[in-house]
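Just below is one structure, and these are the notes that go with it.
Because the structure is predicted, anything quoted here is derived from the model rather than measured. Letters go in sequence order (proteins before strands), and every chain restarts at 1. In what follows, every heavy atom counts, from backbone to side chain, and hydrogens, waters and symmetry copies are set aside.
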2 protein chains.
Amino acid sequence: MREPLPADMFDELCPSSLNPIRFGDKWAALIIRCLEQGPRRFSELRVPLSRVTPKVLTQSLRSLERAGLVNRTVYAEATPHVEYELTPLGRSMLEPIAAACAWAEQHWDELLDARESYDDDARLDRTG
Amino acid sequence: MREPLPADMFDELCPSSLNPIRFGDKWAALIIRCLEQGPRRFSELRVPLSRVTPKVLTQSLRSLERAGLVNRTVYAEATPHVEYELTPLGRSMLEPIAAACAWAEQHWDELLDARESYDDDARLDRTG
DNA sequence: CAGTATCCTGTTTGATACTG
DNA sequence: CAGTATCAAACAGGATACTG
């Protein structure tokens with residue numbers, strides 16, 4: 001106990017403009033889960049992600065593509081469309097995401113309670 | 001395959017000002033790991049987190065406290081100081097964080113390669 | 001020691017409307 | 001269908017200086 005902390009832990013987690021341990025941007029993990037069962041078209045993704053504007057959804061998908069987690073395929077046929085699907089790399093990410101989700105689900109009530117009681121205390125501090 | 005996606009997945013992951021599956025803010029996971037071996041004082045945390053300004057470090061610690069992941073204790077003795085330590089809830093989070101870190105480490109090269117080749121392609125698109 | 005106060009920047013996200 | 005363009009808001013994060 002109480003060993004001195006290493007001088008700089010940044011190299012371990014931080015070269016992370018990529019920031020993989022945060023699973024990318026706000027919607028990344030959700031998108032990856034939407035692709036878990038197989039390729040989906042842009043319009044299909046818009047259904048579960050109805051609260052994400054098309055601009056932001058495109059942004060996120062491009063950034064997932066850039067990270068090698070998602071493939072984008074254009075079908076220029078009679079009914080032109082675009083499909084997104086997980087790469088093997090993207091698929092491998094399902095596991096840590098599931099672990100994080102399971103943790104969150106498992107501790108959801110505790111998390112809500114903690115926040116509530118913290119906020120209640122803060123209110124008391126202000127009120128007197 | 002190609003089952004329709006659920007209408008709205010947001011309730012599952014999204015009530016997330018807390019956003020637990022993203023492990024909180026930019027420094028949260030790193031801070032939690034710094035506390036893994038036991039309680040640390042503010043000034044001790046500043047060593048490994050030297051690139052985080054005190055303001056932001058305080059912010060992050062408060063938000064971890066609010067989430068019930070960290071306890072803050074003030075010692076108003078001769079040498080007044082403050083200690084932060086993981087709650088049991090916070091400690092339970094070490095596991096999913098470790099899983100995400102392991103994944104990132106394991107696929108680091110793939111991630112760098114993917115990004116590089118994506119960017120190279122983009123350059124080609126612009127150049128010719 | 002352990003923060004707070006201010007100010008400021010860049011990025012992320014969003015609203016709305018439009019298009020090849 | 002699968003986006004893009006534009007504008008605006010929100011927020012996170014940081015620089016710097018100061019304090020009970």
Side-chain angles (χ1 to χ4, degrees), chain A residues 2 5 10 13-14 16-19 22-31 34-35 39-67 70-85 122 125-126, chain B residues 2 4-5 10 13-19 22-31 34-35 39-67 70-85 122 125-126:
Chain A
R2 198 53 74 105
L5 291 164
F10 285 88
L13 285 179
C14 193
S16 57
S17 54
L18 192 76
N19 221 339
R22 292 189 71 206
F23 306 129
D25 64 27
K26 189 172 179 181
W27 307 115
L30 204 43
I31 292 172
C34 287
L35 293 172
R40 302 291 174 187
R41 296 163 62 165
F42 187 81
S43 51
E44 290 178 291
L45 291 172
R46 292 211 60 193
V47 176
L49 299 162
S50 58
R51 287 192 250 173
V52 185
T53 62
K55 186 196 114 179
V56 172
L57 183 53
T58 300
Q59 269 177 196
S60 290
L61 284 165
R62 292 292 149 82
S63 126
L64 287 169
E65 192 194 357
R66 181 173 185 244
V70 160
N71 277 327
R72 177 175 179 274
T73 312
V74 179
Y75 296 92
E77 296 156 21
T79 54
H81 62 278
V82 179
E83 274 191 350
Y84 294 91
E85 70 179 324
D125 285 350
R126 286 195 303 276
Chain B
R2 199 51 76 102
L5 292 165
F10 285 87
L13 286 181
C14 189
S16 57
S17 53
L18 192 77
N19 220 341
R22 292 190 71 206
F23 305 129
D25 64 28
K26 189 172 180 181
W27 307 115
L30 203 43
I31 292 172
C34 287
L35 293 173
R40 303 291 173 187
R41 295 163 62 165
F42 188 81
S43 52
E44 290 178 291
L45 291 172
R46 291 212 60 191
V47 176
L49 299 163
S50 59
R51 287 191 250 173
V52 185
T53 61
K55 185 197 111 178
V56 172
L57 183 53
T58 300
Q59 271 178 193
S60 290
L61 285 165
R62 293 291 149 86
S63 124
L64 288 169
E65 193 195 358
R66 181 173 187 245
V70 160
N71 277 326
R72 178 175 179 274
T73 312
V74 179
Y75 296 92
E77 295 155 23
T79 54
H81 62 279
V82 179
E83 273 190 351
Y84 294 91
E85 70 180 325
D125 287 349
R126 286 195 305 274

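Checking D/dT4, D/dA2, C/dT13 against every side-chain atom of A/Gln59, the shortest atom distance belongs to C/dT13. In the set C/dG3, C/dT13, D/dT4, D/dT4 carries the atom at the smallest distance from any side-chain atom of A/Thr58. Looking at the side chain of A/Val82, the nearest of the listed nucleotides C/dG14, C/dC1, D/dG3 is D/dG3. Out of C/dA17, D/dG13, C/dG14, the shortest distance to the side chain of A/Pro54 is found at C/dA17. Out of D/dA17, D/dC1, D/dG13, the shortest distance to the side chain of A/His81 is found at D/dC1.
Whole-Å rounding puts the A/Phe42 CZ to D/dC1 P distance at 11 Å. For the pair B/Trp27 CH2 and D/dG14 C1', the interatomic distance rounds to 10 Å; values are reported in whole Å. Note: CG (B/Leu49) to C1' (D/dG13) measures 14 Å, nearest angstrom. If you take CG of A/Leu61 and P of D/dA2, they are 11 Å apart, rounded to a whole angstrom. Here C/dT13 presents its C1' atom at 10 Å from CG of A/Asp25, a figure rounded to the nearest Å. Following rounding to the nearest Å, B/Tyr75 (OH) and C/dC1 (P) show an atom-to-atom distance of 17 Å. When rounded to the nearest whole Å, the span between CD of A/Glu44 and P of D/dC1 equals 11 Å. Look at CZ on A/Arg40: it is 17 Å from C1' on D/dC1, rounded to the nearest Å.
B/Pro39 approaches B/Glu83 most closely through the heavy-atom pair CB-OE1, 3.7 Å.
Proximity of A/Tyr84 to the phosphate of D/dC1: no side-chain N or O atom is located under 4.0 Å from OP1 or OP2. Note on B/Arg72: a side-chain N or O is less than 4.0 Å away from OP1 or OP2 of C/dG3. Applying the 4.0 Å criterion to OP1 and OP2 of D/dA15, one finds that B/Thr53 has every side-chain N and O outside that range. In terms of phosphate contacts, A/Lys26 brings no side-chain nitrogen or oxygen within less than 4.0 Å of OP1 or OP2 of D/dC11. OP1 or OP2 of C/dG3 lies within a sub-4.0 Å distance of a side-chain N or O belonging to B/Arg62. Taking only side-chain nitrogens and oxygens, A/Lys55 never comes nearer than 4.0 Å to OP1 or OP2 of D/dT6. Phosphate contact (OP1/OP2 of D/dA15, side-chain N/O of B/Arg51, threshold under 4.0 Å): absent.
Across all strands shown, the partner of C/dT6 is D/dA15, judged by Watson-Crick or G-U wobble contacts whose two distances both fall under 3.5 Å. Nucleotide D/dA8 is matched to C/dT13 when pairs are restricted to Watson-Crick or G-U wobble geometry with both distances under 3.5 angstrom.
Ring planes of B/Phe23 and A/Phe23: tilted class, angle from 30 to 60°. Ring pair A/Phe42/A/Tyr84 is tilted by interplanar angle, where 30° to 60° counts as tilted.
Counting heavy atoms from C-beta outward, B/Leu35 and B/Leu64 have side chains that stay 4.5 Å or more apart. By the 4.5 Å heavy-atom criterion applied to side chains, B/Leu57 and B/Arg46 are counted as neighbours.
Atom CZ of A/Arg72 sits about 9.0 Å away from atom CG of A/Leu61, to the nearest 0.5 Å.
B/Arg46 comes within 4.0 angstrom of no nucleic acid atom, judged by non-hydrogen atoms across all strands.
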